[in-house]
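First listed ligand is number 1; within each ligand, the first listed atom is number 1.
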Amino acid sequence: MPVIQDAIQIRPPRASDGYEIHQLIASSPPLDLNSLYSYYLLSDHFGDSCVVAESQGRVVGFLSAYRIPQRPKTLFVWQVVVNRALRGQRIAWHMLEELLDRYPLHEVDRVEATVNPSNAASRALFERLAIVRGTTIEEESFLDASAFGPAGNHESEILLRIALSATNS
Ligand SMILES: CC(C)(COP(=O)(O)OP(=O)(O)OC[C@H]1O[C@@H](n2cnc3c(N)ncnc32)[C@H](O)[C@@H]1OP(=O)(O)O)[C@@H](O)C(=O)NCCC(=O)NCCS
């Protein structure tokens with residue numbers, strides 16, 4: 001199990017992590033908070049493609065992802081979050097790396113994620129992935145802000161597509 005600075009452990013989630021993950025997301029705008037039950041299900045049924053960062057027995061980071069059923073070589077990264085006090089220490093990056101280390105390139109050769117236009121930190125994480133892999137980011141509109149209802153309280157979502165090796169670009 002990878003250990004990074006100050007004994008932060010990066011590992012797959014356990015079903016029992018659901019409550020702390022829910023709390024972490026609740027305190028991390030602008031993330032959409034899903035139901036507590038959904039985080040239990042993600043941790044239990046989708047633990048193979050999700051990651052937590054743990055420090056001193058507490059969940060301080062979470063990344064949810066799944067292989068798109070119709071295109072299983074593509075890993076869709078859904079939510080990524082790091083405790084506010086621990087941001088900027090590459091914890092999100094280490095979670096993403098640990099996740100990608102689980103799959104050989106012939107099983108997963110692409111990452112997709114959606115980002116809001118104003119979320120520089122989220123975009124920077126995926127830009128780093130493209131840089132490290134020597135590839136580029138393809139970008140297209142995914143959901144317009146109007147898809148989230150008339151209240152206008154949700155930004156649009158832009159789809160990022162990143163090949164994991166230059167030969168798959
Ligand atoms: C997005 C988030 C998970 C990043 O976590 P983190 O552990 O601080 O990120 P890292 O330290 O691994 O940084 C990864 C890259 O992003 C860059 N980055 C991190 N925060 C940044 C910011 N606020 N602005 C610009 N770039 C930023 C880092 O510099 C690094 O790139 P580099 O190594 O090339 O310099 C964290 O900011 C967060 O939890 N935000 C709230 C939830 C959210 O918006 N999630 C994303 C949408 S699902």
| said: Using the rule given for salt bridge (charged side-chain N to carboxylate O under 4.0 Å, His left out), can you reason through E140 versus R161, listing the C-alpha separation, both sets of side-chain angles and the distance that settles it, and then say yes or no? | reply: CA-CA 9 Å; E140 64 187 61; R161 194 176 286 124; 3.3 Å; yes
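Of all atoms in ligand 1, listed by their number and element, those nearer than 4.0 Å to a heavy atom of N119 are 43 (C), 44 (O), 46 (C), 47 (C). Interface of A92 with ligand 1, defined as ligand atoms under 4.0 Å from a residue heavy atom, comprises 3 (C), 4 (C), 5 (O), 6 (P), 7 (O), 9 (O), 12 (O). Ligand 1 places these atoms under 4.0 Å from at least one heavy atom of Q89: 11 (O). Taking every heavy atom of S122 and a limit of under 4.0 angstrom, the matching atoms of ligand 1 come to 1 (C), 46 (C), 47 (C). Within the listing of ligand 1, atoms 12 (O) sit less than 4.0 angstrom from a heavy atom of W93.
Contact annotation for atom 23 (N) of ligand 1: protein present (non-hydrogen atoms, distance under 4.0 Å). In this structure, atom 33 (O) of ligand 1 has a protein heavy-atom contact shorter than 4.0 Å. For atom 28 (C) of ligand 1, no protein non-hydrogen atom is found at a distance below 4.0 Å.
For the residue pair S146/D144, the side-chain donor-acceptor check at 3.5 Å is satisfied.
Not one N or O of S28 is nearer than 3.5 Å to an N or O of ligand 1, by distance alone. Considering backbone and side-chain atoms alike, V80 places an N or O below 3.5 Å from some N or O of ligand 1. Annotation: G88 places an N or O atom under 3.5 Å from an N or O atom of ligand 1; distance criterion only.
R90 CA, 3.5 Å is the protein heavy atom nearest to atom 10 (P) of ligand 1. Here the protein heavy atom with the shortest distance to atom 19 (C) of ligand 1 is A121 CB, 4.2 Å. Nearest to atom 18 (N) of ligand 1 among the protein's heavy atoms is A124 CB, 3.8 Å.
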Residues 56-66, side-chain donor-acceptor partners within the protein, below 3.5 Å, at least two apart:
from, atom 1, to, atom 2, distance (Å)
R58, NE, E20, OE1, 3.3
S64, OG, Q79, N, 3.0

